[in-house]
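Computed from a predicted model, the values in this text were never measured in an experiment.
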Amino acid sequence: MTDAVVLHRARVVARDGSVLLGPVDLRIGTGERWALLGPNGSGKTTLLSLAGGRRHPSSGTATVLGGGFGISDMRILRRRIGHAGHRLADAIRPSMTAIDAVITGRDSVLESWMLRAGPGDREQAGLLLERVGCSGLATRPLGTLSQGERQRVLLARALFGEPELLVLDEPAAGLDLPSRESLVSAVETIDGGTVLMATHHLEELPSTITHAALLRGGRLVAAGPVAEALAAVPLSTCFGMALEVTRHNGRWAAAGRRR
């Protein structure tokens with residue numbers, strides 16, 4: 001199996017000299033579905049920015065889909081990568097219609113006026129909205145949608161063009177239970193490609209997750225097959241408290257261990 005993402009001694013240092021991440025060694029194989037978990041400030045978003053080709057490491061290397069900074073034209077490389085998450089939702093113009101927002105995923109831009117969308121693009125965008133359960137929202141402005149609906153529209157945007165790598169940054173953050181489950185169901189329908197999904201909560205993970213990486217203080221606590229990484233001991237170390245972990249029908253849950 002080839003690797004979709006390879007981080008080797010990757011380290012990211014902020015302007016003030018503080019270490020945001022690393023050094024980290026991580027290999028994500030093509031077609032694998034990875035969960036990335038850790039408390040606030042653990043380095044999840046920084047790692048996603050490396051894996052998504054949007055940031056280069058201060059030291060070490062980050063190879064994404066066989067390319068990277070200094071190796072490839074990053075503008076072309078990023079077209080092979082889909083992004084979705086609650087931060088992206090805040091960056092897209094609220095007056096943009098759902099179908100236009102999906103089409104911006106073709107070239108990974110934030111404005112629909114930057115594109116020349118043809119009939120084929122609109123047809124594909126409509127099919128993607130249907131796939132994530134939002135077919136009736138195509139002409140609605142994003143600002144009129146619920147948070148859960150916006151997150152599913154952005155998932156459809158990330159899937160435009162069938163990306164080889166899908167990076168999801170806490171896509172279920174702030175969602176109520178029905179919205180979260182609708183989003184998880186939509187993620188579970190993704191075929192092919194490699195998925196890297198960051199979250200704080202095991203309950204947000206789809207049953208299709210195959211591997212997991214745990215971060216604390218910018219360093220990896222554990223990384224590997226999901227049944228090993230999401231065990232009670234590594235998760236307790238990651239979050240700094242004693243946890244009990246359960247799994248039912250492929251879905252995970254964690255709670256503080258009672259004395």
Side-chain angles (χ1 to χ4, degrees), residues 1-85 87-88 108 158 163-171 190 192-200 205 208-231 233-235 237-240:
M1 176 183 292
T2 58
D3 293 311
V5 177
V6 179
L7 304 182
H8 178 63
R9 304 293 294 172
R11 193 165 179 260
V12 177
V13 180
R15 291 182 179 178
D16 63 3
S18 60
V19 177
L20 302 179
L21 181 74
V24 167
D25 288 289
L26 183 65
R27 304 183 79 94
I28 298 176
T30 299
E32 294 176 345
R33 310 296 172 92
W34 280 74
L36 179 61
L37 294 105
N40 288 331
S42 60
K44 297 189 300 298
T45 297
T46 303
L47 193 152
L48 287 184
S49 66
L50 292 180
R54 296 184 178 273
R55 186 170 191 166
H56 60 83
S58 305
S59 60
T61 59
T63 304
V64 183
L65 301 177
F69 289 94
I71 304 174
S72 311
D73 185 331
M74 298 305 293
R75 295 169 299 178
I76 296 175
L77 179 65
R78 292 186 189 116
R79 293 175 187 169
R80 301 163 60 194
I81 304 170
H83 292 264
R87 293 177 180 85
L88 179 62
S108 295
E164 298 168 54
L165 173 62
L166 185 62
V167 178
L168 307 178
D169 188 5
E170 299 180 25
I190 297 172
T194 306
V195 177
L196 178 57
M197 175 180 174
T199 180
H200 291 108
L205 296 177
T208 49
I209 289 293
T210 61
H211 294 73
L214 309 182
L215 280 172
R216 183 176 178 84
R219 304 293 292 269
L220 280 174
V221 172
V226 66
E228 299 175 10
L230 298 189
V233 171
L235 277 169
T237 301
C238 177
F239 287 96

K.L.:
Any idea which heavy atoms bring Pro171 and Met197 closest together, and the distance?
P.N.:
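Pro171 and Met197 have their closest heavy atoms at CG-CE, 3.8 Å.
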K.L.:
So, for Leu235 and Ala229, which heavy atoms are closest and what is the spacing to 0.1 Å?
P.N.:
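So the minimum-distance heavy-atom pair works out to CG-O, 4.2 Å.
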K.L.:
Between Ser42 (side chain) and Gly217 (backbone), is there a donor-acceptor pair under 3.5 Å?
P.N.:
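It does not hold such a pair.
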K.L.:
Rounded to the nearest 0.5 Å, how far does OG1 of Thr45 lie from CZ of Arg55?
P.N.:
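Between Arg55 CZ and Thr45 OG1, I get 10.5 Å after rounding to 0.5 Å.
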K.L.:
Which atom pair, heavy atoms only, marks the closest approach of Leu205 to Ala35?
P.N.:
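Heavy atoms of Leu205 and Ala35 come nearest at CD2-CB, 3.5 Å.
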K.L.:
What are the two closest non-hydrogen atoms of Thr61 and Ala10, and how far apart are they?
P.N.:
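Shortest heavy-atom contact: O-CB, 3.8 Å.
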K.L.:
Picking from Leu21, Val24, Leu215, what satisfies side-chain contact (heavy atoms from CB on, under 4.5 Å) with Thr46?
P.N.:
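It is Leu21, the one option of Leu21, Val24, Leu215 that forms the side-chain contact (heavy atoms from CB on, under 4.5 Å) with Thr46.
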K.L.:
Strictly distance-based, threshold 3.5 Å: is any side-chain N or O of Arg11 a donor or acceptor partner for the main-chain N or O of Val19?
P.N.:
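Checking the backbone N and O of Val19 against the side chain of Arg11, no donor-acceptor pair under 3.5 Å is found.
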K.L.:
At what distance, to the nearest 0.5 angstrom, does CG of Leu220 lie from CG of Leu47?
P.N.:
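Reported value, rounded in 0.5 Å steps: 7.0 Å.
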K.L.:
Taking all non-hydrogen atoms of both residues, which atom of Cys238 and which atom of Gly38 are closest, and how far apart?
P.N.:
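Shortest heavy-atom contact: SG-CA, 3.7 Å.
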K.L.:
Are the side chain of Thr210 and the backbone N or O of Arg33 linked by a donor-acceptor pair below 3.5 Å?
P.N.:
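Such a contact is found between Thr210 side chain and Arg33 backbone.
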K.L.:
Which residue pairs pass the salt bridge (Lys or Arg N to Asp or Glu O under 4.0 Å) test when at least one of the two sits in residues 22-31, sequence neighbours left out?
P.N.:
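Salt bridge (Lys or Arg N to Asp or Glu O under 4.0 Å) check on residues 22-31 returns Asp3-Arg27.
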K.L.:
Nearest 0.5 angstrom please: Ser49 OG to Lys44 NZ, how far?
P.N.:
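With rounding to 0.5 Å, OG (Ser49) is 12.5 Å from NZ (Lys44).
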K.L.:
Can you tell me how far apart OG1 (Thr199) and CG (Asp169) are? Round to the nearest 0.5 Å.
P.N.:
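Rounded to the nearest 0.5 Å, the OG1-CG separation comes out at 10.0 Å.
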K.L.:
Mind checking the NE2-CG spacing from His83 to Leu165? Nearest 0.5 Å is all I need.
P.N.:
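Rounded to the nearest 0.5 Å, the NE2-CG separation comes to 7.0 Å.
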